[in-house]
Structures are given as structure tokens and as C-alpha cells.
Amino acid sequence: MAEKITPRSVDYSQWYIDIVLNAKLADYSPVKGCMVVRPRGYAIWERIQAAYDKRFKETGHQNCYFPMLIPMSFLQKEKDHVKGFKPELAVVTHGGGEELDEPLCVRPTSETIIWSMYKNWIQSYRDLPLLYNQWCSVLRWEKRTRLFLRTAEFLWQEGHTAHETEQDAVEETMRMLDVYREVAEQVLCLPVIAGRKSESEKFAGAVATYCIEAMMQDKKALQAGTSHFLGQNFGKAFDVQFQTREGKLDYAWATSWGVSTRLIGAVIMTHSDDKGLVLPPELAPEQAVIVPIYKTETKAAVLAYCEKLLGELKTAGVRAILDGDESKSPGWKFAEHEMNGVPLRIEIGPRDMEAGKAMVARRDTGEKAPLEVAGLPAKAVELLAAIQKNLYEKAKAFRIENTKPVASREELLAFYGKDQGEEAGTAVATGGFAEGRWCGDGTCEAALKAETKVTIRCLPLDRQEGVGGNCCLCGKPAKHLAVFARNY
RNA sequence: CGGGCAGUAGCGCAGGGGCUAGCGCGCUUGGUUCGGGACCAAGAGAUCGGAGGUUCAAAUCCUCUCUGCCCGACCA
């Protein structure tokens, strides 16, 4: 099939949709705002899950499962929480043909139902910490949806922990933020900025929200994961009291943290090009594809040569496939596997066979070179590692290139261009990340957002020491170093 | 939820009151091909997004509705 991908320079949004659809990662569902994750997309999700789940276990967490339906009254117990989520709730009012006594909402997140249970399970400091996680889907009635980036129902994981002390909970919040950062960088090749959210961007019900923010190729920011310090808000709302070491009563301290299938969107928008999907080898369902090239009389020999190599690649730990489809020409297969983001393509024809070689092409750089087939499996492992590294480095260089320190309002406005926003159909934004000092006043931030749609993405954790000078927006003394950007 | 655009075969499109709804790609079958999206031949595939209405006659006109995309408002 000759589907064309809209080039990024023409329409970035359409390019993204073209990739998702053509690479068969997901499709629209009959239900508005929902998506079907297809096997190729789900395989990527499984790899993301595996990487995170391993680290959750290593940091002492256990998986569990809580119900999808939550009594409406539970949501109402924490006032900020209900205020934040009410507009996005789906509510079940009937069951078995009869109206329910109490409506049930489909979880938009599970703090409330989980803490209603924690009340029963926590009596003493000896019961703490409670370190639970669940992989599930949640539903938020979104007005405007985009495949993977914002859908009504999405897959995610939510960690919910209860602690004895404030310090323990804060440490947990930061520990999981660091797990998010590490996997994003090492496995997804996403350079991210770890930071704290401003008050206005905080999770409904949290004391503090921390996040990892990534820059997409259109220079907009994407929140890739969040970790919340919930204080005693839910402990109090659900009356989760425990006896302390001193014999007194105290409310449990809480955290929650989540990453979602949005990460797949982040990977696509960070690495892919106009030929299609580009995937970090660690995430790629297939890491190498062998494309045999033969004429009728050379077919058997070429295929045998390919089969042998395929076996060796697998033995070396490479997820390799042989594309033996006889109804497609080699050229078609090249384009197809590029569309699908297979990191390495190995072309083998009679000429290579005679020379004891194979033509190896890298998806990330497009480089193509004949390699000795004898050492190829080991070389493939090296190349995959090199691609993994290159994708991260390239994305990081792009972010640095498009990050600018700003000292004044004028500089900031100039960075984002006079005419704010994007024209329809030319969705590559001006600007990028602006780094500026900030007074910490929410009105300052709100005014900027109203005028330019630029918001404070986060206050980077490692850049807050000795922030002096004045707010780049209002000129008053600054308290923080902030990263500004337009965002998804 | 507001403004704009679009829904006709799996995909991309044409047809804008009239008789059997076309085309390209893809798909099926057979054959020839095979180093960057091959070719020939023969086939299959559509209640024209849905509902209602106007009419002798509706894919085509009218009303409502659903879905997607872009822009805005809202937002983990």
C-alpha cells in the first residue's frame, strides 16, 4: 500500500496521526474519544510496562487490582480532588435494568477507592509503608482527544503508597519520580526534565506534584509522568489513622504516581521522521528484519542463507524476523519496515551471499553498509545499542538547541514569536523551552498563559539553588527557576 | 461546549435530482518478476456515516444526529 505520510513541515498533527495509523499502532474506536490499541502498539506498551514494573518491584512495590467502579460519594470526600475530576467523570446510574441507589463513577484515578480500603488495612505503624501499584485503565471524559496523547480511556499504572511520616512519603514521591526519569531516558530514549509543578498545574488533591517533561519535535512540551506527594489529604478524607511508635494517633501520609500510554505518543513524536515510525531498539517489537532478494533460480540458496543468519541473530538475543513474503517486492518491504520503525534492516541477495556479506541499514540514520555475515549477530547487538544511544543523544541535542534563557518579558515574547499560536496546518511551533526566573505568583503565570498559551511546565529540581534576580514576567524578586513552554 | 472542514468498496478520491454509482491503490486467483513501494490477465468487494423528510424519482435537496480532523474554551 502506498499510503503517504504527511511531512512534519506541512502539518505536524497530521504527520503524527499518519504514523499512528499507518504503523498500525492504534485505531479509532466506535466510541468517541476512545482508541483501539493494535498489536504493534500494544507490544510497545508491554515493553514499557515490563521496564517500569521491574523497577517498581525492585523498589519494594507489589501489584494489585482495585475495582473500576467507585461510589460517587467517595470522590466527594476530598474537596480539591472532586473539584478537579468532576467535569471528567463518567457515571453509571443503572445496573441490571434498575436505577442504582448510589451512582457509581468509572475511575478517573483510584485514590479514593484505594484509601477507602487502606482504612481497613492500616492500624499501626507496623502496617506501613504500604507500597501498592496497579496496572489498569482509567476513564476521563475528554473534550478533545488525540490517539495516545489524550484519550478518554487510557492504559496506565497508578502507584498508591501510605507512609508513617511526611519524610517517608516525600522520599517515596522523589524515588518514583527518579524511576520515571531513568526508564524514560534509558529505555524510551526520552531526555526529560524532572521538576515540580506550579500550584496551578498541580494534581487535584495533592500537596505537591512532580513531573518529567519532554520536548517533542514541534518544540512543545509533553508531560510524560507525574509523582504526587499527597500529604495527609487522603488519610484525613478517609480517616486512615494509625498508632505511631509513640503510641499516639496520626493520619497516614500518601503518595501516588502514574505513567500512561501517553508515553507511546511521546516516543513517536520524539524520534520518528517523515518515513514513519522510529523506535528505540529496546521498545521495538522487532529489532531486525531480514529482507531476502532473489530470482527464481537463486531463491532456495538465498533463503537458506537468510534462515541461518536469522537463527544466529536470535541466539545472540536479537529480536529478528525474516520477511519471506513472496507477494511483495524488496522495495516495498524496505518502505514497510521503515514505516513500522524496525531499527535494523538486513538485505541479502545473491551478490551478498557470494561475498559472505549482508547489507545492513540503520533506521535512525539511514546509513547502509555491507557487513561480513560471520560477525553479524555480534555487530547487530552493537548497532542496536548505538541506535539506542543515538536516539537519546539526538533528542537531547534538539532540546538543548531549542532551549533559551530569558530574562525579561520582552525576550520571552520574542522567543515565541509575535503572532502567537500556530496557523492551521503548519503546526511546528516557534520557540521551545524558555528558562526564566519566576516570582512564584500564580497571577503572573495566568496572565502569560492567557496572552500566549505559554505555561510553566515545571520548576526543574536541580536548578533551584541560589536563584537570585527578578521574575522575568513581573520584575519582582524571583524565587524559582522555571521552564516555560507551550504544551500538549 | 463554540467556529471551520470532512464522511461514497479495506484506503485515497470522483460524481451534487434520472435509468447498471465510477476511478486509482489494496484484496482474491493464475502466470511472469524480485538490489528502494514490479507487471499482465481474470475476479470479488458499496444498502453512498445514521435517522427522518421533500419528490414520480435522492449518494445528490431539506432537517436532525453520529464520528473524525483543524482552531478555540476546558483539562491529567
Side-chain angles (χ1 to χ4, degrees), chain A residues 1-6 11-18 20-22 24 27-35 81 83-89 107-109 111 138-147 149-152 154 156 158 197 200-206 209 211 222-228 256-262 275-276 291-299 302-303 323-339 345-353 357-359 361 366 368 370 420-427 449-450 453 455 487-488:
Chain A
M1 51 192 79
E3 282 115 6
K4 278 281 186 288
I5 294 177
T6 307
D11 187 336
Y12 191 81
S13 295
Q14 192 58 48
W15 165 80
Y16 173 78
I17 294 162
D18 288 350
V20 172
L21 262 25
N22 286 323
K24 299 185 173 66
D27 206 347
Y28 296 104
S29 81
V31 180
K32 184 185 170 74
C34 292
M35 72 171 165
H81 193 65
K83 208 171 122 197
F85 281 106
K86 194 133 194 207
E88 304 180 44
L89 288 184
R107 64 181 164 221
T109 179
E111 275 78 3
V138 289
L139 187 67
R140 299 176 185 179
W141 214 259
E142 298 286 347
K143 306 252 157 118
R144 194 173 167 181
T145 59
R146 270 146 106 15
L147 294 170
L149 298 176
R150 172 171 281 110
T151 47
F154 56 91
W156 80 339
E158 46 181 329
K197 283 293 188 189
S200 68
E201 299 273 337
K202 222 173 59 175
F203 174 74
T209 288
C211 63
L222 182 76
Q223 181 173 294
T226 47
S227 185
H228 314 289
S256 70
W257 27 275
V259 293
S260 72
T261 36
R262 171 180 264 196
K275 288 179 169 179
V291 178
I293 298 159
Y294 49 74
K295 299 187 191 303
T296 311
E297 59 273 23
T298 51
K299 179 177 164 183
V302 168
L303 281 180
D323 187 348
D325 189 336
E326 299 196 30
S327 65
K328 306 260 191 298
S329 69
W332 195 95
K333 291 175 184 176
F334 296 170
E336 180 71 2
H337 295 299
E338 276 166 354
M339 176 75 255
R345 184 181 66 243
I346 303 172
E347 308 167 13
I348 295 179
R351 294 207 295 270
D352 303 297
M353 195 173 65
K357 297 197 171 184
M359 194 65 85
K368 188 162 148 176
Q420 307 306 332
E422 306 118 41
E423 300 297 320
T426 58
K449 182 177 181 182
K453 288 167 49 191
T455 54
N487 73 302
Y488 275 94

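Heavy atoms only: backbone and side chains are in, while hydrogens, waters and symmetry mates are out. Sequence lines set the chain letters: A, B, ... in the order given, protein chains first and strands last, and positions in each chain run from 1.
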Is the distance from OP1 or OP2 of [N] to the nearest side-chain N or O of [X] less than 4.0 Å?
X: A/Ser329; N: B/C34; result: no
X: A/Ser13; N: B/C70; result: yes
X: A/Lys328; N: B/G36; result: no

Between [atom2] of [N] and [atom1] of [X], the distance in whole Å:
X: A/Tyr28; N: B/U67; atom1: OH; atom2: C1'; result: 11 Å
X: A/Ile5; N: B/G37; atom1: CD1; atom2: C1'; result: 12 Å
X: A/Asp325; N: B/A38; atom1: CG; atom2: P; result: 12 Å
X: A/Glu336; N: B/C11; atom1: CD; atom2: C1'; result: 13 Å
X: A/Met339; N: B/G36; atom1: CE; atom2: C1'; result: 16 Å
X: A/Ile348; N: B/C34; atom1: CD1; atom2: C1'; result: 15 Å
X: A/Tyr12; N: B/C71; atom1: OH; atom2: P; result: 13 Å
X: A/Ile293; N: B/A38; atom1: CD1; atom2: C1'; result: 14 Å

Any donor-acceptor N/O pair under 3.5 Å between B/G36 base and A/Glu338 side chain: yes
Take atom [atom1] in [N] and the same atom in [M], then report the distance between them in whole Å.
N: B/G17; M: B/A76; atom1: P; result: 49 Å
N: B/C75; M: B/G16; atom1: P; result: 47 Å
N: B/C13; M: B/U54; atom1: C1'; result: 30 Å
N: B/G10; M: B/A46; atom1: P; result: 7 Å
N: B/A14; M: B/C61; atom1: P; result: 15 Å
N: B/G31; M: B/G68; atom1: C1'; result: 42 Å
N: B/U47; M: B/U8; atom1: C1'; result: 12 Å
N: B/U63; M: B/C23; atom1: C1'; result: 33 Å

Ignoring hydrogens and angles, tell me if any N or O in the side chain of [X] forms a donor-acceptor pair with the backbone of [Y] under 3.5 Å.
X: A/Tyr28; Y: A/Leu147; answer: no
X: A/Lys333; Y: A/Asp325; answer: yes
X: A/Ser29; Y: A/Cys34; answer: yes

Please write out the pairs of protein N or O atoms and N or O atoms of nucleotides 4-6 of chain B separated by less than 3.5 Å, giving the distance to one decimal.
none

Checking all strands, does [X] fall into the base, sugar-phosphate, or nothing category for heavy-atom contacts under 4.0 angstrom?
X: A/Lys275; value: nothing
X: A/Arg146; value: sugar-phosphate
X: A/Gly33; value: sugar-phosphate

Nearest listed nucleotide, side chain of A/Tyr294, among B/C34, B/U67, B/G37: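 Comparing B/C34, B/U67, B/G37 against the side chain of A/Tyr294, the answer is B/C34.
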Shortest side-chain distance from A/Ala335, nucleotide among B/C34, B/U67, B/G36: B/G36
Residue among A/Val138, A/Thr261, A/Val259 satisfying side-chain contact (heavy atoms from CB on, under 4.5 Å) with A/Trp156: A/Val138
Partners meeting side chain to side chain donor-acceptor pair (under 3.5 Å) with A/Asp27 (sequence neighbours left out): none
Listed partners of A/Arg107 passing side chain to side chain donor-acceptor pair (under 3.5 Å), at least two apart: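 Testing A/Arg107 for side chain to side chain donor-acceptor pair (under 3.5 Å), a comparison that skips the adjacent residues, returns A/Tyr65.
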Any side-chain heavy atom of [X] within less than 4.5 Å of one from [Y]?
X: A/Glu336; Y: A/Lys328; answer: no
X: A/Phe203; Y: A/His81; answer: yes
X: A/Phe334; Y: A/Arg345; answer: yes
X: A/Phe85; Y: A/Trp141; answer: no
X: A/Pro350; Y: A/Lys295; answer: no

Pairwise N/O distances under 3.5 Å, protein to nucleotides 73-76 of chain B:
from: B/C75; atom 1: O2'; to: A/Glu88; atom 2: OE2; distance (Å): 2.9
from: B/C75; atom 1: O2; to: A/Arg150; atom 2: NE; distance (Å): 3.3
from: B/C75; atom 1: O2; to: A/Arg150; atom 2: NH2; distance (Å): 2.8
from: B/A76; atom 1: O3'; to: A/Arg140; atom 2: NH1; distance (Å): 2.8
from: B/A76; atom 1: O2'; to: A/Arg140; atom 2: NH1; distance (Å): 2.0
from: B/A76; atom 1: O2'; to: A/Arg140; atom 2: NH2; distance (Å): 3.3
from: B/A76; atom 1: N7; to: A/Arg262; atom 2: NH1; distance (Å): 3.1
from: B/A76; atom 1: N6; to: A/Gln223; atom 2: O; distance (Å): 2.8
from: B/A76; atom 1: N6; to: A/Gln223; atom 2: NE2; distance (Å): 3.2
from: B/A76; atom 1: N6; to: A/Arg262; atom 2: NH1; distance (Å): 2.8
from: B/A76; atom 1: N1; to: A/Gln223; atom 2: NE2; distance (Å): 2.3
from: B/A76; atom 1: N3; to: A/Gln223; atom 2: NE2; distance (Å): 3.2

Which nucleotides of RNA chain B pair, in dot-bracket form (Watson-Crick or G-U under 3.5 Å, | meaning another strand): ((((((((.[[[[.)..(...]]]].((((((.....)))))).....[[[[[..)....]]]]])))))))....
Atom pairs, N/O to N/O, protein against nucleotides 40-42 of chain B, distance under 3.5 Å?
none

Syn-anti status, with the boundary at 90° from 0, for the nucleotide B/G16: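 B/G16: syn.
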Between atom [atom1] of [X] and atom [atom2] of [Y], what is the distance when rounded to the nearest 0.5 Å?
X: A/Glu347; Y: A/Asp352; atom1: CD; atom2: CG; result: 8.0 Å
X: A/Lys357; Y: A/Arg351; atom1: NZ; atom2: CZ; result: 13.0 Å
X: A/Thr109; Y: A/His228; atom1: OG1; atom2: NE2; result: 7.0 Å

First encountered from the 5' end of RNA chain B, between A/Gly331 and A/Cys34: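 Nearest-nucleotide comparison on RNA chain B picks A/Gly331.
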Residue pair A/Arg150, A/Arg144: steps toward the side-chain contact (heavy atoms from CB on, under 4.5 Å) verdict: CA-CA 8 Å; A/Arg150 172 171 281 110; A/Arg144 194 173 167 181; 5.6 Å; no
Stacked cation flag A/Arg262 on A/Phe154, 6.0 angstrom / 45 deg: no
